[in-house]
Amino acid sequence: MLIHLLTIIKNNLRSNVLLMAGMFVIATSLWYAVDYVYSVVVNQQKSLGFEWEHVYYVQVGVLPDESVERDTTTRSEDEVTAEYLEFYNRLQRHPAVESACYTLMHFHYVWKNGSGTMSRDTLKTNSFYREVTPSYFTVFRVKGADGCSPEELTRRASHANDFVMTENAAHRLLTPDDDNTIIKGTELAGLFIHSGVSMRDGEPDSVHVAAVCENQKYNEYGSWQRATYRIVQLGQGDFKIGYRSIPYHDMFIRIKADADRPGFVESFRKEMKKQLRVGNLYLADMRPMSYYRNDHLADYRSDLYTYLAIAGFFLANAFLAILGTFWFRTQQRREELAVRLVTGATPRSLLALLMGEGFLLITFAYVPALVVAYNLGISDLVETWPVEWSAARFLTGGIITYLLLLVIAAVSIWFPARQAMKIHPAEALHGE
């Protein structure tokens with residue numbers, strides 16, 4: 001059968017070469033579109049590393065100097081810190097609040113970051129540097145890299161100045177890039193590393209890694225980022241805050257699911273307006289994390305929809321091009337098919353012949369297309385963020401593209417072939 005198909009292709013070599021050249025261009029374009037869609041789908045399957053539902057940002061405001069309600073008495077940093085801590089305590093005591101946390105240089109879906117270099121022996125890694133209270137992990141439901149619950153992770157990271165690292169950051173401090181040894185980042189827990197970030201006077205260079213948390217993305221469309229969390233305890237140690245620095249410090253609360261209903265923000269602010277007036281501090285604003293998420297993802301979604309539209313355009317064009325080519329090719333061979341029927345061939349054998357010939361032509365055109373696709377990948381001419389180029393990505397995209405081409409070719413051949421096989425033998429002989 002294979003030799004017979006090759007003979008048929010050879011006898012029509014000129015027209016088949018032109019057909020394969022067109023299939024080559026179509027296959028390459030289709031692979032490019034499939035590869036992009038594949039990378040988006042794969043990245044969507046990766047865990048975000050935190051949960052934003054039922055979480056609200058609470059903005060602490062400071063009464064301006066011109067406000068008649070402002071207490072103009074000079075306050076020390078200790079007094080301002082006490083006001084801030086009282087505001088925090090009153091906030092988390094509300095019946096609807098499940099847990100509250102404090103962060104510095106960390107705000108999901110908002111470009112508010114610090115960074116630093118962490119090292120262990122000769123190994124180094126750059127990562128986001130963030131300061132949080134232990135309750136951060138329960139508010140945003142961040143799990144341990146070993147699968148432990150947010151509550152357990154909070155318990156492990158309960159001491160001030162302890163560090164928590166994401167699994168990918170911890171892994172970089174355990175294994176050199178050229179070492180193929182499989183070592184889990186969780187093995188860094190309990191060890192000491194050197195911190196390249198010094199936020200306060202007298203901060204030790206050698207710090208204790210209390211736990212390793214799961215990898216985190218900055219948003220749904222990004223890749224896993226390396227991050228290091230320094231644990232702070234409000235009101236303990238060297239934690240100080242002044243009125244001018246309050247805009248750089250953030251509070252978040254997780255609301256109980258049954259309390260998180262439409263109109264919650266308005267009722268909460270009305271209820272807590274007086275209670276959260278502490279010294280010169282007051283509740284300035286309160287918004288759900290969904291507000292910041294939607295605003296942050298707007299541009300990403302716009303770009304994604306544009307790329308998906310282009311990918312869909314490539315797919316539609318590939319389908320129409322292959323459909324038209326094989327349809328026209330099969331229609332031209334109506335008389336040949338009818339003659340074969342007259343001489344004893346069955347409709348099933350003829351369909352198998354046409355399908356086999358079409359699949360062989362697709363395969364011959366797809367092999368050089370795969371070579372081009374591979375070179376596009378290793379030359380970084382395809383999107384390598386947030387999903388890096390790899391052999392698995394190349395092979396998966398190649399297989400999916402090949403199967404799509406075969407399905408389109410099968411549809412393009414089956415319908416006109418079925419019509420051609422209905423031709424009357426006398427008409428076929430007349431044409432011959």
Side-chain angles (χ1 to χ4, degrees), residues 56-94 97 99-107 110-116 128-140 154 157-164 195-208 210 228-254 268-287:
Y56 288 78
Y57 166 63
V58 177
Q59 182 181 355
V60 183
V62 181
L63 292 174
D65 293 336
E66 59 273 15
S67 174
V68 295
E69 298 181 8
R70 182 182 175 96
D71 185 350
T72 57
T73 305
T74 303
R75 282 174 168 77
S76 65
E77 277 195 343
D78 289 336
E79 291 173 318
V80 176
T81 302
E83 289 181 4
Y84 192 82
L85 182 59
E86 179 60 25
F87 184 102
Y88 177 83
N89 289 333
R90 292 183 184 183
L91 184 67
Q92 65 180 349
R93 283 197 294 264
H94 189 278
V97 176
S99 55
C101 72
Y102 157 90
T103 69
L104 175 64
M105 296 184 298
H106 183 35
F107 196 132
V110 174
W111 297 114
K112 195 172 186 179
N113 298 290
S115 62
F128 287 128
Y129 177 83
R130 300 158 173 172
E131 296 195 357
V132 299
T133 52
S135 53
Y136 159 79
F137 302 106
T138 54
V139 170
F140 285 95
T154 298
S158 58
H159 299 290
N161 297 322
D162 273 351
F163 274 51
V164 175
S195 170
V197 181
S198 180
M199 297 293 294
R200 295 172 178 82
D201 295 335
E203 186 171 325
D205 179 55
S206 181
V207 295
H208 176 247
T228 301
Y229 293 93
R230 178 181 183 268
I231 303 302
V232 297
Q233 293 283 8
L234 299 186
Q236 296 183 18
D238 56 358
F239 180 83
K240 304 292 181 184
I241 193 170
Y243 283 146
R244 291 184 178 181
S245 64
I246 280 181
Y248 302 99
H249 301 259
D250 300 306
M251 287 187 190
F252 299 90
I253 56 175
R254 169 169 287 277
F268 184 91
R269 294 189 64 174
K270 182 178 180 180
E271 179 184 349
M272 298 295 289
K273 181 177 180 180
K274 292 183 178 180
Q275 294 186 49
L276 293 180
R277 172 65 191 281
V278 184
N280 287 324
L281 304 182
Y282 70 100
L283 176 59
D285 197 8
M286 179 180 176
R287 296 187 180 184

Using the rule given for side-chain contact (heavy atoms from CB on, under 4.5 Å), can you reason through F239 versus L85, listing the C-alpha separation, both sets of side-chain angles and the distance that settles it, and then say yes or no? CA-CA 11 Å; F239 180 83; L85 182 59; over 6 Å; no

Evaluate side-chain contact (heavy atoms from CB on, under 4.5 Å) for V207 paired with N161, printing each intermediate quantity in order. CA-CA 7 Å; V207 295; N161 297 322; over 6 Å; no

Could you walk me through whether I246 and L281 satisfy the side-chain contact (heavy atoms from CB on, under 4.5 Å) test, starting with their C-alpha distance in whole Å, then the side-chain angles of each, then the deciding distance to 0.1 Å, before giving a yes or no? CA-CA 10 Å; I246 280 181; L281 304 182; 3.3 Å; yes

H249 and V60: side-chain contact (heavy atoms from CB on, under 4.5 Å), yes or no, with the steps? CA-CA 9 Å; H249 301 259; V60 183; over 6 Å; no

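Contact detail for A157 and F137: the closest heavy-atom pair is CB-CE1, 4.3 Å. When all heavy atoms of A100 and V139 are compared, the pair lying nearest together is C-CG2, 3.7 Å.
Among residues two or more places apart in sequence or in another chain, the side chain to side chain contact (heavy atoms under 4.5 Å, CB included) test is passed with E66 by P64. Taking D162 as the reference, H208 meet the side-chain hydrogen bond (donor to acceptor under 3.5 Å, both in side chains) condition, with sequence neighbours excluded. Residues satisfying the side chain to side chain contact (heavy atoms under 4.5 Å, CB included) criterion with R287, sequence neighbours excluded, are D285, Y291, Y292. Contacts of H94 classified as ring pair (Phe, Tyr, Trp, His ring centres under 6.0 Å), with partners at least two apart in sequence or in another chain: F268. Partners of Q92 by side-chain hydrogen bond (donor to acceptor under 3.5 Å, both in side chains), not counting sequence neighbours, listed by chain and number: N89. A search for side chain to side chain contact (heavy atoms under 4.5 Å, CB included) contacts involving K273 returns nothing, not counting sequence neighbours. For the side chain to side chain contact (heavy atoms under 4.5 Å, CB included) test, residues two or more places apart in sequence or in another chain that qualify with S76 are D78, E79. A search for salt bridge (Lys or Arg N to Asp or Glu O under 4.0 Å) contacts involving R75 returns D71, E83, not counting sequence neighbours. Contacts of T154 classified as side-chain hydrogen bond (donor to acceptor under 3.5 Å, both in side chains), with partners at least two apart in sequence or in another chain: none. Remark: Y84 pairs with no residue by the ring pair (Phe, Tyr, Trp, His ring centres under 6.0 Å) rule, at least two apart or across chains. With sequence neighbours left out, the salt bridge (Lys or Arg N to Asp or Glu O under 4.0 Å) criterion links E86 to R90, R93.
Inter-residue side-chain proximity for P134 and Q233 is flagged as met; some heavy-atom pair is nearer than 4.5 Å. When side chains are defined from C-beta on, I231 counts as touching V132, because their heavy atoms get closer than 4.5 Å.
A distance of 7.0 Å separates CZ of R70 from CG of L63, quoted to the nearest 0.5 Å. To the nearest 0.5 Å, atom CZ of residue R277 and atom CZ of residue F87 are 11.5 Å apart. Atom CG of residue L104 and atom NZ of residue K112 lie 8.0 Å apart, to the nearest 0.5 angstrom. Rounding to the nearest 0.5 angstrom, the gap separating the CG atom in L283 from the CD atom in Q275 is 11.0 Å. Expressed to the nearest 0.5 Å, how far CD of Q59 lies from CE of M286 amounts to 12.5 Å. We find the OH-CD1 distance between Y102 and I241 to be 5.5 Å, quoted to the nearest 0.5 Å.
Taking the ring centroids of Y136 and Y229, they lie under the 6.0 Å cut-off.
Relative to the ring axis of F140, R130 does not place its NZ or CZ within 45° and under 6.0 Å from the centre.
A tilted orientation is assigned to the rings of F252 and Y57, their planes being inclined by 30° to 60°. Under the 30°/60° scheme for interplanar angles, the aromatic rings of F163 and Y129 are found to be tilted.
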